[in-house]
Amino acid sequence: MKQLIIVLLMSLVFFSCKQEKKEPKEELIMYQSSEMAALMNAMYEGNMTIKNKILAGESIGNFPETYLNIHSAVLTDPADRNTSFEAFSKLYIQDMQQVYSGSKDSLKQNFNQAVNSCIACHKTTCTGPIPRIKKLLIK
Ligand code: HEC
């Protein structure tokens with residue numbers, strides 16, 4: 001019985017964090033995406049758009065307030081919202097706000113710093129999407 005529970009828990013982790021090879025559409029069909037997973041995918045898309053705008057020298061607009069939902073969105077495993085998660089999400093929001101309010105000269109640097117704070121949190125909780133997130137970095 002204990003082993004069964006462990007296997008179930010492991011497959012839950014697998015589903016929530018090892019989806020990087022699948023397209024978002026496929027994921028939606030395969031399993032019910034958590035609020036947090038949906039927010040994460042939106043942040044990924046949003047930041048890919050910003051990356052392309054920075055590379056094209058276009059204006060990036062305003063900080064998307066929806067990103068603040070990282071403080072409340074329901075996780076696949078609610079136990080993941082621990083003190084470490086809270087600390088990393090605060091850091092991430094600070095870095096992301098700096099992208100929008102900082103100087104134009106340091107835009108690329110500030111953007112990469114925000115992406116690195118995505119990666120920093122993922123190293124502690126959910127390593128699966130890291131290779132995908134690294135694609136956001138501006139070289
Ligand atoms: C504070 C920690 C933290 C930060 C910051 C963070 N993530 Fe996540 N991310 C998670 C956790 C935890 C999950 C698993 C969510 C779930 O399954 O409910 C996740 C899931 C994901 C997923 C997979 C979603 C799915 O469909 O399963 C992607 C992609 C992702 N994050 C990208 C990003 C990007 C891009 C950023 C920065 C713009 C970012 N994350 C910032 C913790 C974080």
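One-based numbering, in listed order, for ligands and for the atoms of each.
- Polar contact with ligand 1: present for S34 (N/O pair, distance under 3.5 Å).
- The residue among M96, M36, E35 with a heavy atom at the shortest distance from atom 15 (C) of ligand 1 is M36.
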Below 3.5 Å, can you tabulate the donor-acceptor pairs from side chains in residues 86-95 to any protein atom, sequence neighbours excluded?
residue : atom : partner : partner atom : Å
E86     : OE2  : R81     : NH1          : 3.4
S89     : OG   : F85     : O            : 2.9
S89     : OG   : E86     : O            : 3.0
D95     : OD1  : Q113    : NE2          : 3.3

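- Taking a 4.0 Å cut-off on heavy atoms, L136 registers as neighbouring ligand 1.
- In this structure a side-chain-to-backbone donor-acceptor pair under 3.5 Å is missing from S106 to Q109.
- For N62, the CG atom counts as loosely surrounded, since its 6.0 Å shell holds 12 or fewer non-hydrogen atoms of other residues, nucleotides or ligands.
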*When you look at I70 and M40, which way does the side-chain contact (heavy atoms from CB on, under 4.5 Å) test go after all the steps?*
CA-CA 8 Å; I70 196 168; M40 291 288 166; 4.1 Å; yes

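- Annotation for ligand 1: atoms under 4.0 Å from non-hydrogen atoms of C121 are 1 (C), 2 (C), 3 (C), 4 (C), 5 (C), 42 (C), 43 (C).
- Considering backbone and side-chain atoms alike, N47 places every N or O at 3.5 Å or more from each N or O of ligand 1.
- Comparing C118, S33, A114 against atom 38 (C) of ligand 1, the shortest heavy-atom distance belongs to C118.
- Looking at H122 next to ligand 1, an N or O pair under 3.5 Å apart turns up.
- In the hydrophobic cluster analysis, where Ile, Leu, Val, Met, Phe, Trp and Tyr join through side-chain heavy atoms closer than 4.5 angstrom, I138 is grouped together with I130.
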